[in-house]
Amino acid sequence: MRLTLATEPAYPDRPNEDFIGATPDAVVLLDGAGTPADLESGCSHGVAWYSHTLGSTLLAGMTQSPDSLTTILASGIKATASMHDFCCDLSHPGSPSATVIMLRRSADTLGWLVLADSVLVLDLLAADPMVICDEREALTGNRYRGPMNAAAGGSPEHLQALSRYMEAMRAHRNIDGGFWVASVDPLAAEQALTGAVPAERVRATAILSDGASRLVDRFGLATWRQALDLLDDSGPEELIRRVREAEHSDPNGSRWPRGKTFDDATAAYCRI
Ligand SMILES: [Zn+2]
């Protein structure tokens, strides 16, 4: 695999809550779910610590173990919980969480796991791009987005609506009928989307946190085909530059209502 990647925090003075890591045969991307400043999380470490710790644990697991990606994710969630269950309140509904994408090449097969709303795109030879995204969080969120979308991005009303939105979403996290993310419960791993394809059928793959995929799935400024071509021609940095350009052109969210005016953005492009 030949990999190029770029990652950038939403604001230069704040930690990047995305995690991206790779070995010659594996790629892992996590997008930590931020907690608004006025909400408690029960954890003194924070979201960036959580996503970076779980991400590096998963990468180590993928290189050391032939187990299924689901099993490696369940073990990783458990191991990460054990690193702070003695000092943090992991029963808190706002405990740090993250989306997960795991991609592994073994022999002639490319296997993947997708949990929550990061996006994996497979550029298949002789077929349209295959887009794998777990939409349960977005579908649940549609019920609560109204007040947030109505307020001008960055205004105190918007911040308050975002906070209320996130609090409402906590009640649906990691329960049947809601949405699933990596947090404290290893059973979340069983809720991930998984699959495999023969590696010879895949030209390349794109792995995007939602801060990068928004160029296509929120802003509609490119199709998945165009995004793959952009990654191939100009690389992940250029894709993120275009996302930032769109965000700056709509600072109040009047054209594209969104919870975060800017978001941590990570893109990896892997030629198989
Ligand atoms: Zn903690």
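Not measured: the values here are computed from a predicted model. Just so you know, ligand 1 is whichever comes first in the structure, and atom 1 is the first atom listed for that ligand.
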> Protein N/O/S atoms under 2.8 Å of the Zn ion (ligand 1)?
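For the Zn ion (ligand 1), the protein N, O and S atoms that sit under 2.8 Å away are Cys43 SG, His45 ND1, His84 ND1, Cys88 SG.
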> Specify whether Phe19 and His52 have parallel, tilted or perpendicular ring planes, treating 30° as the upper limit for parallel and 60° as the lower limit for perpendicular.
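Aromatic pair Phe19/His52 classed tilted.
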> Does Arg201 CZ have over 12 foreign heavy atoms under 6.0 Å away?
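Open: at most 12 neighbouring heavy atoms sit under 6.0 Å from CZ of Arg201.
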> Are Asp123 and Arg225 ion-paired here, with the side-chain N under 4.0 Å from a carboxylate O?
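Arg225 and Asp123: salt-bridged.
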> Taking all non-hydrogen atoms of both residues, which atom of Arg218 and which atom of Trp256 are closest, and how far apart?
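Closest heavy-atom pair between Arg218 and Trp256: O-CD1, 3.6 Å.
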> Should Leu228 and Met130 be counted in the same cluster of Ile, Leu, Val, Met, Phe, Trp and Tyr side chains packed under 4.5 Å apart?
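Unlinked, Leu228 and Met130 end up in two clusters.
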> How close do Gly154 and Thr261 get, heavy atom to heavy atom, and via which atoms?
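Closest approach of Gly154 to Thr261: N-OG1, 4.1 Å.
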